[in-house]
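Please read these numbers as outputs of a predicted model, since none were measured by experiment.
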2 protein chains.
Amino acid sequence: MSPAELDQLTSEWLDKLQESGYRRTDRCEAIVRAILASPRAMDPMELFDEARKDIPRLGLVTVYRTIQKLADLGLVERLHQEEGCHRVLPATQGHQHFLVCSSCGTVTYFAGDNLAGLFETIAAQTGFEIQEHWLQLFGLCPACRPA
Amino acid sequence: MSPAELDQLTSEWLDKLQESGYRRTDRCEAIVRAILASPRAMDPMELFDEARKDIPRLGLVTVYRTIQKLADLGLVERLHQEEGCHRVLPATQGHQHFLVCSSCGTVTYFAGDNLAGLFETIAAQTGFEIQEHWLQLFGLCPACRPA
DNA sequence: CCTGATCTTGAAAATCGTTTTCATTTTATT
DNA sequence: AATAAAATGAAAACGATTTTCAAGATCAGG
Ligand SMILES: [Mn+2]
Ligand SMILES: [Mn+2]
Ligand SMILES: [Zn+2]
Ligand SMILES: [Zn+2]
């Protein structure tokens, strides 16, 4: 993403926050930019370190509070991890899922999983009414693949 | 599962623990039985409460330590949840995934997801080498479905 | 059976990530 | 500028999990 695109997207997110009654602040801008600028899912402490480069007096609490606001608006999602579920990513668009590099943590999005048939089979077998599914892939990104 | 089957399975798990150098104790047996007896994924505190019916002097630490041993041996897996990943279940057999009732928490297992084609497509599109996948379904179990 | 080596246990304290509290500052509206 | 509402940071509180440590249980060998 180019610097101009990053500014653009950051500004759009701040607009959406503002439309929802939140205020436009330098801290929020720094945190949003840190989320959007990273190809990796970042945890609160990593976002804190990143955003403090812009706002040295930032508090870690503000990172947590901002993540919560962004999650409430559906702008970010939390990445499910083996150890915990604390990393933050720009939300998937429509019916997408995450593909995570198990070496460097880079995340990309994908679509096209067609599980409708599976759901019907399972519903018939188990009597469950299927409501939701989580699908998350792990692998090696191009940069981390052995040559 | 009948009481006899439960005893049988519990004993098998204790055997496996013992074969791996762990010792056979009453605490461990109570915790293993609690895991196997429940149709739901239980968190450490729930297992604690359940196992204390057998062993009133049990400590919560022992529950954590036993879960860790069972996970090391591959006998249990942790269920991925929105809030955290702390619930424990007998491990899936072969290529299976979890189907969780979003109302009562009952968990069943399923197989038959065929994602190989999807993985090839995604590998081609993204350059990732796919290694692993998590698939978890949520729905309403027969008992929780509206009539 | 004893006995020692090793593993297990529970209580208490420590740790770690996250949330709450509260007084102060900042933002948005008049 | 004056005001009301929201945002902030420091500190304290919190809850789940882990570590420490001294005492107790299990197990293999004699
Ligand atoms: Mn899907
Ligand atoms: Mn699968
Ligand atoms: Zn990578
Ligand atoms: Zn149910």
Side-chain angles (χ1 to χ4, degrees), chain A residues 11 13-35 41-73 75-76 78-88, chain B residues 11 13-35 41-73 76-88:
Chain A
S11 186
W13 282 33
L14 292 173
D15 290 344
K16 286 183 184 160
L17 282 165
Q18 214 166 13
E19 284 162 20
S20 302
Y22 298 114
R23 294 184 176 174
R24 187 176 277 258
T25 71
D26 54 355
R27 330 274 151 150
C28 194
E29 174 169 355
I31 294 163
V32 166
R33 176 172 281 111
I35 292 172
M42 311 260 277
D43 66 29
M45 185 57 76
E46 289 174 320
L47 288 174
F48 179 53
D49 289 337
E50 194 58 34
R52 252 193 313 183
K53 294 177 184 169
D54 278 312
I55 312 280
R57 310 210 40 202
L58 180 69
L60 178 56
V61 222
T62 301
V63 175
Y64 279 99
R65 289 193 272 231
T66 303
I67 291 171
Q68 186 57 52
K69 288 172 192 169
L70 295 172
D72 287 346
L73 293 187
L75 290 171
V76 300
R78 294 184 168 89
L79 182 70
H80 305 291
Q81 297 196 127
E82 201 56 73
E83 345 91 52
C85 305
H86 322 109
R87 289 175 182 276
V88 171
Chain B
S11 185
W13 281 34
L14 292 173
D15 289 344
K16 285 181 185 161
L17 283 165
Q18 214 167 13
E19 283 161 21
S20 302
Y22 297 114
R23 294 183 176 176
R24 188 177 277 259
T25 70
D26 53 354
R27 330 274 150 150
C28 193
E29 175 169 356
I31 295 163
V32 166
R33 176 172 280 112
I35 292 172
M42 311 260 278
D43 65 30
M45 186 56 77
E46 289 174 319
L47 287 174
F48 179 54
D49 289 337
E50 194 59 32
R52 253 194 311 184
K53 294 176 185 168
D54 277 312
I55 313 280
R57 310 209 38 203
L58 181 68
L60 178 57
V61 221
T62 301
V63 175
Y64 279 100
R65 289 194 272 231
T66 303
I67 290 171
Q68 186 56 53
K69 289 171 190 168
L70 295 172
D72 288 344
L73 293 188
V76 300
E77 285 178 43
R78 294 184 168 89
L79 182 70
H80 305 291
Q81 298 196 126
E82 200 57 73
E83 345 90 55
C85 306
H86 320 108
R87 292 177 180 274
V88 171

Give the rounded distance in Å between these two atoms: CZ of Phe48(B) and C1' of dT17(D). 14 Å
Whole-Å gap separating C1' (dT9(C)) and CD (Glu29(B)): 17 Å
Quick one: is Lys69(A) getting a side-chain N or O under 4.0 Å of the dA7(D) phosphate, OP1 or OP2? yes
Arg24(B) to Tyr22(B) six-membered ring, cation-pi geometry met (6.0 Å, 45°): no
So does Arg27(B) get a side-chain nitrogen or oxygen closer than 4.0 Å to the phosphate oxygens (OP1/OP2) of dG10(C)? yes
Choose from dA10(D), dT18(C), dT26(C) the nucleotide whose nearest atom is closest to any side-chain atom of Pro44(A). dT18(C)
Rounding to an integer number of Å, can you tell me how far Leu14(A) CG sits from dA28(C) P? 11 Å
Could you tell me whether the side chains of Arg87(B) and Gln81(B) share a donor-acceptor contact shorter than 3.5 Å? yes
Among dA12(C), dA10(D), dT18(C), the nucleotide that comes nearest once only the side chain of Leu60(A) is considered: dT18(C)
Check whether any side-chain N or O of Tyr64(A) sits under 4.0 Å from OP1 or OP2 of dT18(C), and answer yes or no. yes
Rounded to the nearest Å, what distance is computed from the CD1 atom of residue Ile55(A) to the P atom of nucleotide dA7(D)? 16 Å
To the nearest Å, how far apart are Gln68(B) CD and dA16(D) P? 18 Å
Within the modelled atom types, does a donor on one side and an acceptor on the other bring the side chain of Arg65(A) and the base of dA7(D) under 3.5 Å apart? no
Using heavy atoms to find the nearest nucleotide of DNA chain D for Arg24(B) and Arg23(A) separately, return the residue whose nucleotide is more 5′. Arg23(A)
Between Met45(A) (CE) and dC16(C) (P), how many Å, whole number? 11 Å
By nearest-nucleotide position on DNA chain D, the 5'-leaning member of Tyr22(B) and Gly21(A) is Gly21(A)
Is the shortest side-chain heavy-atom distance between Leu17(A) and Lys69(A) below 4.5 Å? yes
Answer whether the closest heavy-atom distance between the side chains of Leu14(B) and Ser11(B) falls below 4.5 Å. no
Report yes if a side-chain nitrogen or oxygen of Gln18(A) is closer than 4.0 Å to either non-bridging phosphate oxygen (OP1 or OP2) of dA28(C); otherwise report no. yes
In whole Å, what is the span from the CD1 atom of Ile67(A) to the C1' atom of dT19(C)? 13 Å
Hey, does the side chain of Thr25(B) come within less than 4.0 Å of dT9(C)'s phosphate (OP1/OP2), counting only N and O? yes
Send over the distance from Arg52(A) CZ to dA10(D) C1', rounded to a whole Å. 14 Å
Close side-chain approach of Val61(B) and Phe48(B), heavy atoms under 4.5 Å: no
